Amino acid sequence: MLSAMQRLNEFHFYSFWYVFRDPTPNLSADTLPISAAFMCYFSPASMSKALQSCTKPLKDNSSSQLCFVLHLPPFSGGDSSSTTTGSASPVPNSYDSLEGGSYPGTYFTQLLINIQCYVYSAFWRHLKNLTQPILRPDPSSNLTFLLPHISTQPQSQMCSPFPNMSQLSAALGGLSGVPELEVEALRPVNLLQERNLLPHQPLDAPEPNLSADLKKANCSPDTFRCTLTNIPQTQALLNKARLPLGLLLHPFRDLAQLPVITSNTIVRCRSCRTYINPFVSFLDQRRWKCNLCYRVNDVPDEFMYNPVTRSYGEPHKRPEVQNSTVEFIASSDYMLRPPQPAVYLFVLDVSHNAVEGGYLNVFCHTLLENLDKMPGDTRTRVGFITFNSTIHFYNLHESLSQPQMLVVSDIDDIFIPTHDSLLVNLKESRVLVRVLLTSLHSMFSQTRETHSALGPALQAAYKLTSPTGGRVSVFQTQLPTLGPGLLQSREDPNQRSSTKSIVHLALDCSGQQIGVDLFLLSSQYSDLASLACMSKFSAGSIFYYPSLHHVHNPAQLDKFQKDLERYLTRKIGFEAVMRIRCTKGLSIHTFHGNFFVRSTDLLSLANINPDSGFAVQMSIEESLADTSLACFQSALLYTSSKGKRRIRVHTLCLPVVSQLSDVYAGADVQAITCLLANMAIDRSISSSLSDARDALVNAVVDSLSAYKNTVSNIQQSGLIAPAALCLFPLYVLALLKQKALRMGTSTKLDERVFAMCEFKSQPLQQIMHAVHPDLYRLDTMSDQGALHLNDCIVPQPHLLHLTAEKLTREGAFLMDCGSVSPAVSKNNGVALFFPLLLFYEYQTQIPELETPLSERLRALLAWLQDSRPFSSTLHVVKDDATAKTSFFQHLVEDRSESALSYYEFLLHIQQQMSK
C-alpha cells in the first residue's frame, strides 16, 4: 500500500511510485530493529573484559535498563588519487552550460572510512527468569554488544515504559556520540495524555548530529533546511520511516554578513561542477576531493593565496572553505550578454473601480517617496503603462517639458507607438517621472470607464521590455473583460475558462528574462487562478488585498502602502538561474515555487527577490553506505541591480544514518509540514481537494504507525509519537483548517488560490506563521527571560496553545499569524494598554502610555515586526466586537464548523492506525 507521500506524488511521477508497492515488513512490538537483533548476555566478569573493547566504559550498576553499544573496528579504505588537468572551460552558449551540468557518467567513488562508534538506542523491557544467553558472541566477530546487569525485581518495581530525560541521560551517560537532544527527540510521547506540548518559545530547527567544527561551518537553517537532519542510508530505510525527504530553501534572503569573493578563478569540481566549500577534503596543498562526487581535483595556483590572512600555502583557510554561504563575483565566462540594467515597468489599472478604491493615489505617493531608494545604478530605467478599455503609454524623454500620453485603442493588435522614450533612464528623466506621478491620479479621477483590458496591457509590457528584460509590476482591481486574455467569472466549479494565452505569455516573459509581479486589489472575483500563471512561470510575486478601500478599510490600505514600500526598496536579482546539487546517490525529482524549469535540475528565474522560498522533493537512488555525510549545494547565478554578475552559493552538510530510530530522531517537523503542504496543493490541483486532505491525514497515520511498529516498544494503549514528531498531528490539523485546504463554500475562490500561492512561494518561517500562529498573553508579561537589545528590554512571553481554553475574560492576548496580528482584549485587559475613549473596533495602533506594561507591549510588537520582511497589520479587537471572528478562526485546536478539534483528530488518527 502506498504511503501518503507516495500518494501525493503518483500523479506527477508515475515512473517512481510503482517500485514502492512492496509492503514494508511489519515488525511486532517484541521485534527489535536489525541493529539490535543480535544480543548477548554477559556475566559481570565477561562484561568487564568486553568493556575494554569499547571506546568508553559503562559502569556496572544494578538496573533494569537495557542498552547496547555497537563497536566497529577501523576499516581500511583506498583513495582515488587521480589528478585533473586541462584548459579552461569553453565559452558557454546557454544558461544551462553557464552554471554547469549535473553528474557525468563515471565517478571516483572509493572512500577512506574512519573508525566509527555509534550508540543506537536504549530499551526498557521486563526480562524474567533470563538465565541463558540469547546469543553467544562470536570471538571473531567485529560486533561487541554490552548489556548491563538485568534486574530480577518484580514488574511493579521495573522502570516505567515512558522514561524521562534524566533516566535516559543516566543510562547513556557513559557512552560517547549520543547528543542529549537526539535522545530527547526519541522520547516516546502519548499524545492523548500529554496536552501541553508546545515549547515556551517558537520552535527552533533541530541541530544535525555533527562535530563542532562541521556545525560551525554548516549553512544556517533559515537559508537551507532539510526535512530529515539524519539522512537515511537507503531508499528502503526512508520508505520504512514513512517521512518525506526534501529541502526548503530561502536562497536570496537578506543577510547581515555575506562573504563576497573576488577572484579570477572560481574553484569547482571538474566532474560535477560543485563549488568548493567547507566540506571538501584536502588531500594535500595541491589536491582536494569533492564532497559530492568524490573526484580528486587540483588546487589552482591562485587559490594558494589567502586574501584574508595575506599568506600563501593555506588553501583550507580561504573564505570559500571557511563559510558555507558565500557570493562570488562572476567573470565574463558566466555571461551570455553584457549584464542588463535594472528595468522597472509599472502597469496600472485606471478604471473607475481602481480610482474609487484609492490605491492609485497611494501608489503614486509611495513611489515618489521611494524613487531614489529603488535598487539600481546610473543605468536604471523606468516606464509606465495605464489601462482601462484602452492602453496608455507615456513619453518621458528628457527633452520634453511635460510627459506625453500616447493612447492605443486597438487592443486586439497591440503595438508600441515609440521604442525610444517609453522606458527612460531614471537619472536623466527624473523630473518628468515626478511630474507624471504627481498628476496621474488627477488625470483619471473623473473616469467612468469600467472595463479592463489587462491582456493587451501585458502584451504591451512584454514588447516594451523584451529587448532588455526586467521587472513588470501589474496592479489590477477587477476581472479582465476586454481583448486577448479576457476572463469570465467561474466561481461556479462547473465553469471553465481558458488560460492558454496567459500561460504562453508568461513563458515568453520568462524566456526574455521578464518577471511579472501581480498586485490584485479587488473585493470582487478576479480569477486569480488564471492571473497567477503570469507570476508563477516568470518567477514573480503575488500580493492580494481583497477589501482595499481608502474609506471602508483604511487598515488594508495602510498595509498596502507599507508592503509597496518594502517591494520598491528590497534588493532584486535579474536574469537568474538556480541549480541544486547533492551527494551522489541522492536525486531531485520535484520543485515547488515560482519558476520555469529549464532542464531537469535548472530553474529559470527572470527575477529573484529576498522574500521568495522554494521547496524540493528528493529520493535516494543509490545506497549511501560508503559515506557518513550527505551534502547539498544550491548555486544562484544572477545579475545584481548594479550590473554585476554574481553567484550565491549555499552548502548544507548532514549525517547519514542506517538506523530507523536515528531517522526519527532527526525529523524536522516544521520542514516536513511545509513540504507536505506544497505536495498537498499540487495534489489538490491535479486530483481533488478531498484527495489532498486524505493524503495529509494518511501522512500522519503512516509515520506514526511505522514508528509504533518498528521503533517503539511501548505496550501501553494510546497514540505514541517520538518527541521530534509530537507536533506533527497538530500542524497537519492546522493545515487542514487553512484557506488553501479547508472544505466548504465559505472560502472565496480567489482567497483560496492566494493561500495556495503563498504556500508555494514563501520561505518556511512565513508559512509556519500562517499555519500555526503564535499566541501570547500580554497582561502578565514580565522582564523575566527578556531579551536585552540595544538598551531595549524585549519581553518573551510563553507560547499558548491555540484554543479558547487558554483565554480568560480578564486578559489581553496577541496572536502573531504573519501578515495580520489580531489582538483581542477582554474587559479589564483593555485598560492595561488602551484608553477606553480611544478604543474602537479594528484599531490598528497601540497608544503610547507611560506604564511598564505599555512599554513592554510596544517593545514586543517592534521586535516581532523587525523579524519579518513585510509589515504586519495589527487589529485590536474587543471581546464583544463582531470582528473577533478573525481571531477565533485561528484557534485550530478547537472544533469548527466542518473540522475536528485537536483531541477528536487524535482519536481519528488512532482509529485509522488500528485498521
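Predicted model only: the values in this text are computed from it and were never measured. Start at 1 with the first residue, then count along the sequence.
- Note: Arg253 CZ to Asp222 CG = 4.5 Å, rounded to the nearest 0.5 Å.
- In this structure, Thr227 contributes its side chain and Pro244 its backbone to a donor-acceptor pair below 3.5 Å.
- The OG atom of Ser687 sits 12.0 Å away from the CG atom of Asp682 when rounded to the nearest 0.5 Å.
- Between the side chain of Gln659 and the backbone N or O of Pro232 there is no donor-acceptor pair closer than 3.5 Å.
- Considering Leu197, Leu727, Ile720 in turn, Leu197 is the only one that fulfils the side-chain contact (heavy atoms from CB on, under 4.5 Å) rule with Val189.
- Residues satisfying the side-chain hydrogen bond (donor to acceptor under 3.5 Å, both in side chains) criterion with Thr234, sequence neighbours excluded, are absent altogether.
- Of all the heavy atoms in Ala692 and Ala680, the pair that sits closest is CB-O, 3.2 Å.
- Side-chain N or O atoms of Gln738 include one that pairs as donor or acceptor with a backbone N or O of Ala770 at under 3.5 Å.
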Residue pair Phe279, Thr583: steps toward the side-chain contact (heavy atoms from CB on, under 4.5 Å) verdict
CA-CA 12 Å; Phe279 311 108; Thr583 294; over 6 Å; no
For Ser587 and Glu621: C-alpha separation, side-chain torsions, deciding distance, then whether side-chain hydrogen bond (donor to acceptor under 3.5 Å, both in side chains) applies.
CA-CA 7 Å; Ser587 66; Glu621 292 189 341; 3.3 Å; yes
side-chain contact (heavy atoms from CB on, under 4.5 Å) for Cys272 and Gln633? Distances and angles first, verdict last.
CA-CA 11 Å; Cys272 67; Gln633 186 178 87; over 6 Å; no
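- By the 4.5 Å heavy-atom criterion applied to side chains, Leu725 and Ile672 are counted as neighbours.
- Note that CZ of Phe905 and CG of Leu719 are 10.0 Å apart. Values are rounded to the nearest 0.5 Å.
- Nearest heavy atoms, Ala241 versus Val663: CB-CG1, 3.8 Å.
- Between the side chain of Arg273 and the main chain of Arg270, no donor-acceptor pair closer than 3.5 Å is present.
- The closest side-chain heavy-atom distance from Ser619 to Gln235 is below 4.5 Å.
- Contact check on Arg581 versus Asp601 returns no salt bridge, with no Lys/Arg side-chain nitrogen under 4.0 Å from an Asp/Glu carboxylate oxygen.
- Within the 4.5 Å cutoff, the side chain of Thr223 has no heavy atoms near those of the Ser324 side chain.
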If you apply the rule side-chain contact (heavy atoms from CB on, under 4.5 Å), what do you find for Leu676 with Met679, and how did you get there?
CA-CA 5 Å; Leu676 286 177; Met679 297 162 68; 4.1 Å; yes
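- The two residues Val326 and Glu320 come nearest to each other via the heavy atoms CG1-CA, 4.3 Å.
- Phe224 and Phe632 have tilted rings, their planes meeting at an angle from 30° to 60° on a 0 to 90° scale.
- By the 4.5 Å heavy-atom criterion applied to side chains, Val267 and Trp288 are counted as neighbours.
- The shortest side-chain heavy-atom distance between Pro251 and Phe614 falls under the 4.5 Å cut-off.
- Side-chain contact between Met578 and Phe595 is absent, with no heavy-atom pair separated by less than 4.5 Å.
- Between Pro763 and Asp611, the shortest heavy-atom distance links the atoms CD-O, 3.3 Å.
- When the ring pair (Phe, Tyr, Trp, His ring centres under 6.0 Å) test is applied to Phe328, the partners found at least two apart in sequence or on another chain are Tyr275.
- In this structure, the side chains of Asn297 and Val280 stay at 4.5 Å or more apart for every pair of heavy atoms.
- A side-chain hydrogen bond (donor to acceptor under 3.5 Å, both in side chains) with Asn291 holds for exactly one of Asn277, Thr274, Thr627; it is Asn277.
- Contact detail for Gly246 and Leu675: the closest heavy-atom pair is CA-CD2, 3.7 Å.
- Between Cys219 and Thr651, the closest heavy-atom pair is CB-O, 3.1 Å.
- Going from atom NZ of Lys240 over to atom CG of Asn709 covers 12.0 Å, rounded to the nearest 0.5 Å.
- One finds the CD1 atom of Ile681 at 10.0 Å from the CG atom of Leu689 (value rounded to the nearest 0.5 Å).
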Could you walk me through whether Ile580 and Leu247 pass the side-chain contact (heavy atoms from CB on, under 4.5 Å) test, one step at a time?
CA-CA 10 Å; Ile580 301 173; Leu247 303 170; 4.2 Å; yes
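- The line from OH of Tyr731 to CG of Leu203 is 5.0 Å long, rounded to the nearest 0.5 Å.
- No side-chain heavy atom of Phe759 sits under 4.5 Å from any side-chain heavy atom of Leu741.
- Contacts of Thr325 classified as side-chain hydrogen bond (donor to acceptor under 3.5 Å, both in side chains), with partners at least two apart in sequence or in another chain: His650.
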